[in-house]
**Q** 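For reference, the structure I am asking about is given below.
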There are 2 protein chains.
Amino acid sequence: MLTPERHRKIIEVLGEKSVVTIQELVEATASSESTIRRDLSQLQREKKLKRVHGGASLTHQKSEELSVFEKSERNALEKEKIAQYACDLVQTGDCIYLDAGTTTLRMIPHLKNKEITVVTNAISHLEALSEHEIKTYLIGGLVKSKTKALVGSSAIKSLSSYRFDKVFLGMNGIHIEAGFTTPDPEEAAVKNLAISLSQKAFILADHTKFHETSFSKVAELNEAIIITDDIDDDVIYDFQDKTEVRVVTS
Amino acid sequence: MLTPERHRKIIEVLGEKSVVTIQELVEATASSESTIRRDLSQLQREKKLKRVHGGASLTHQKSEELSVFEKSERNALEKEKIAQYACDLVQTGDCIYLDAGTTTLRMIPHLKNKEITVVTNAISHLEALSEHEIKTYLIGGLVKSKTKALVGSSAIKSLSSYRFDKVFLGMNGIHIEAGFTTPDPEEAAVKNLAISLSQKAFILADHTKFHETSFSKVAELNEAIIITDDIDDDVIYDFQDKTEVRVVTS
DNA sequence: TTGGTTATGATTGTTTTTGATTATTTTTGA
DNA sequence: TCAAAAATAATCAAAAACAATCATAACCAA
């Protein structure tokens with residue numbers, strides 16, 4: 001993993017958790033302890049974070065909250081635009097499903113005062129949802145302690161009792177033949193079900209996800225509408241036979 | 001748990017309760033008394049809180065009427081003993097249901113390394129459960145933003161797909177005629193179902209809960225075994241016709 | 001390719017943190 | 001008021017995390 005990529009990853013993890021251990025980062029980046037230490041030292045010099053014994057924490061400037069994280073996250077601006085666009089699709093009274101993930105997290109502030117009902121499998125979204133006074137249902141399931149998401153057969157069963165006007169999912173890979181894919185089989189199963197329970201399913205994905213394939217298949221391309229940012233016309237051309245692609249322009 | 005994480009947790013707990021005992025913090029953070037003391041000293045130097053005998057309180061707090069124990073958590077010692085006793089009932093391989101509440105929270109540290117499966121409706125328990133590496137299922141349902149518990153018909157439905165070896169519940173009122181009662185009707189419904197899904201149900205209640213009645217009925221006395229601390233023999237005498245009462249002595 | 005540079009990961013000794021223990025102080029209740 | 005109990009502070013050894021160092025691997029330009 002390349003240095004800038006690692007740095008982004010570190011800041012991203014911090015944005016979600018606000019405190020992180022070196023060990024967790026070693027695992028997340030597949031690099032050694034020494035490397036992570038060097039990274040942390042450098043990021044500290046750049047004032048991106050604060051080192052603490054055992055790991056790192058956000059520099060607590062409460063007013064700015066996630067600014068460092070939001071800026072540092074890969075393709076932050078694009079994701080924000082995609083999130084904004086997605087929220088414009090949500091209408092008063094809708095019942096929607098929000099997947100775990102950073103782009104869907106960005107949707108939450110824009111959902112305030114829409115009088116909607118949100119169903120989610122992301123424990124990490126609860127704080128933001130509660131903050132913005134959004135009526136929230138959590139599906140049941142096994143708590144995956146690393147990602148704080150709910151998975152497993154009980155999650156599937158729990159989810160299957162809902163129906164959604166719209167479903168918004170993040171995705172790791174979008175590929176002409178492989179369709180929509182994501183690294184974790186259990187999470188893939190949850191995503192798949194969410195799609196089939198919705199009237200309309202939307203995949204929120206920036207341009208880096210196209211032509212990529214991950215481990216577990218979630219669905220065929222035609223099962224969901226893709227919302228993405230500016231990409232080459234020929235990429236869109238490739239995909240638009242298979243499904244609707246909506247491009248959020250600047 | 002990293003230092004800033006602990007500090008954040010301490011401040012968070014204080015924000016909710018305004019006074020807290022060292023023991024509560026020891027359990028909430030899964031660290032030792034010594035460590036918590038050092039944390040409190042440091043946070044006091046930073047003017048984040050004020051140390052008081054037995055724990056800590058918010059700085060600009062004008063409530064002097066009650067002692068730490070009375071305000072923070074009544075009968076902390078008794079609850080600890082009750083929690084300890086309850087955990088001794090749990091056997092390797094058991095699948096148990098843990099209700100929301102302070103006494104059940106106290107059980108978590110003692111459940112470590114028991115290789116059990118925990119099902120809960122308490123989002124606020126997840127941190128401690130994860131910290132102690134306990135396999136955890138969360139039931140689904142409406143997120144009650146105040147108490148961070150899962151309630152409602154979907155919680156009922158989600159819960160009903162589990163079966164338990166043992167169920168441990170907190171309770172607000174235990175009364176000869178009114179039976180087990182609690183303030184919130186929705187939470188009462190969840191508790192009631194949990195009892196009926198278990199082979200054995202235990203109510204964890206210190207002596208202050210006896211002869212009290214709250215708003216919503218959870219169950220009849222004979223539906224669960226009561227675990228309590230030292231109380232007058234005549235109180236036990238009153239109840240033991242109706243159900244089994246186990247008294248945890250000092 | 002080659003030579004020079006940089007990044008990486010293992011290893012070392014050092015420092016910090018932690019939790020247990022002990023002694024001291026404070027609180028409680030008779 | 002005094003003695004017992006609880007909470008605190010001080011101390012210390014063990015564990016964890018740290019910085020420094022170094023050899024190796026990857027990279028880059030000529």
Side-chain angles (χ1 to χ4, degrees), chain A residues 1-10 13-14 17 19-46 49-57, chain B residues 1-10 13-14 17 19-46 48-57 63-81 83-84 106 108-110 112-113 128 131-133 206-207 229-230 232 248-250:
Chain A
M1 196 178 243
L2 267 34
T3 309
E5 197 176 350
R6 271 202 322 273
H7 287 193
R8 260 199 307 271
K9 183 79 187 174
I10 291 170
V13 172
L14 261 181
K17 302 189 39 177
V19 196
V20 69
T21 66
I22 297 230
Q23 282 316 313
E24 284 173 306
L25 292 174
V26 165
E27 217 174 304
T29 62
S31 27
S32 74
E33 209 175 295
S34 302
T35 301
I36 296 295
R37 284 184 200 289
R38 274 185 287 258
D39 286 342
L40 294 184
S41 299
Q42 186 181 340
L43 288 169
Q44 169 160 293
R45 280 197 301 278
E46 294 169 9
L49 51 76
K50 199 178 78 188
R51 290 194 70 178
V52 297
H53 201 86
S57 84
Chain B
M1 199 176 235
L2 265 34
T3 310
E5 206 174 353
R6 276 199 319 270
H7 288 192
R8 200 168 48 87
K9 184 81 191 175
I10 291 170
V13 172
L14 263 180
K17 310 183 42 177
V19 202
V20 68
T21 65
I22 298 238
Q23 278 316 310
E24 285 174 287
L25 293 173
V26 164
E27 281 165 32
T29 62
S31 31
S32 74
E33 204 177 299
S34 302
T35 301
I36 295 297
R37 284 185 198 288
R38 276 185 286 255
D39 286 342
L40 293 183
S41 299
Q42 185 181 341
L43 288 168
Q44 171 161 268
R45 280 197 301 278
E46 294 170 7
K48 300 278 179 60
L49 52 75
K50 200 178 76 188
R51 291 193 69 177
V52 295
H53 201 85
S57 81
S63 51
E64 304 297 330
E65 327 94 51
L66 297 172
S67 82
V68 192
F69 295 102
E70 289 171 308
K71 262 219 96 166
S72 139
E73 196 182 318
R74 278 176 119 57
N75 315 308
L77 193 64
E78 286 80 358
K79 286 185 176 177
E80 176 62 29
K81 279 181 200 152
Q84 173 68 65
R106 280 171 180 275
I108 295 173
H110 304 294
K112 193 168 188 173
N113 301 325
E131 186 77 27
H132 292 94
E133 297 164 343
D206 62 72
H207 61 270
D229 58 308
D230 259 330
D232 293 347
V248 182
T249 52
S250 310

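Chain A is the first sequence line, chain B the second, and so forth, proteins listed ahead of strands; every chain is numbered from 1.
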**Q** What's the CG-C1' distance between B:L2 and D:dA15, to the nearest Å?
**A** 15 Å
**Q** Report the distance from atom CE of B:M1 to atom C1' of C:dG19, rounded to the nearest whole Å.
**A**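 Going from CE in B:M1 over to C1' in C:dG19 covers 17 Å.
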**Q** Scan every strand shown for a Watson-Crick or G-U wobble partner of C:dA30, both distances under 3.5 Å, and answer none if you come up empty.
**A** D:dT1
**Q** Within the structure shown, what part of the strands sits under 4.0 Å from B:S31 by heavy-atom distance: base, sugar-phosphate, or nothing?
**A** sugar-phosphate
**Q** Is the shortest side-chain N/O distance from B:S32 to OP1 or OP2 of C:dG19 below 4.0 Å?
**A**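 Yes, because at least one side-chain N or O of B:S32 sits under 4.0 Å from OP1 or OP2 of C:dG19.
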**Q** Students often get this wrong, so: under 4.0 angstrom with heavy atoms, is B:V26 touching a base, only sugar-phosphate, or nothing?
**A** nothing
**Q** Atom CZ of B:R45 to atom C1' of D:dA9: distance rounded to whole Å?
**A** 13 Å
**Q** Which heavy-atom pair separates A:L40 from A:L49 by the least distance, and what is that distance?
**A** O-CD1, 3.8 Å
**Q** Starting from P on C:dT18, measure out to CG on B:D39 and report it in whole angstrom.
**A**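 That distance rounds to 7 Å.
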**Q** Using whole Å, what does the distance between atom C1' of nucleotide C:dT27 and atom CZ of B:R51 come to?
**A** 15 Å
**Q** What's the spacing between A:M1 CE and A:R6 CZ if we round to 0.5 Å?
**A**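 So the CE of A:M1 and the CZ of A:R6 are separated by 8.5 Å.
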**Q** Could you tell me how far apart B:H53 (NE2) and C:dT28 (P) are, to the nearest whole angstrom?
**A**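 Atom NE2 in B:H53 sits about 7 Å away from atom P in C:dT28.
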**Q** Starting from P on D:dC18, measure out to CD1 on A:I36 and report it in whole angstrom.
**A** 12 Å
**Q** Should the pair A:R37-A:E33 be classified as a salt bridge under the 4.0 Å nitrogen-to-oxygen rule?
**A** yes
**Q** Would you say a side-chain N or O of A:R37 is under 4.0 Å from OP1 or OP2 of D:dA20?
**A**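 Checking D:dA20 against A:R37, no side-chain N or O comes under 4.0 Å of OP1 or OP2.
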**Q** So what does B:E33 touch, heavy atoms closer than 4.0 Å: a base, only the sugar-phosphate, or nothing?
**A**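 It contacts base atoms.
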**Q** Send over the distance from B:Q23 CD to D:dA7 P, rounded to a whole Å.
**A**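 One finds 7 Å between P of D:dA7 and CD of B:Q23, rounded.
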**Q** Which of these, B:R45, B:E46, B:R38, B:Q44, sits in a side chain to side chain donor-acceptor pair (under 3.5 Å) with B:Q42?
**A** B:E46
**Q** So for A:R38 and C:dG9, does any side-chain atom that can act as donor or acceptor lie under 3.5 Å from a complementary atom in the base?
**A**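 Donor-acceptor pair under 3.5 Å: yes.
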**Q** So, does B:T3 get its side chain near the phosphate of C:dT18, meaning an N or O under 4.0 Å from OP1 or OP2?
**A** yes
**Q** Look up atom CD1 in A:I36 and atom CD in A:E24, then write down how far apart they are to the nearest 0.5 Å.
**A** 11.5 Å
**Q** Would you say A:T35 places a side-chain N or O within less than 4.0 Å of OP1 or OP2 belonging to C:dG9?
**A**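 For A:T35, the contact criterion (side-chain N or O under 4.0 Å from OP1 or OP2 of C:dG9) is met.
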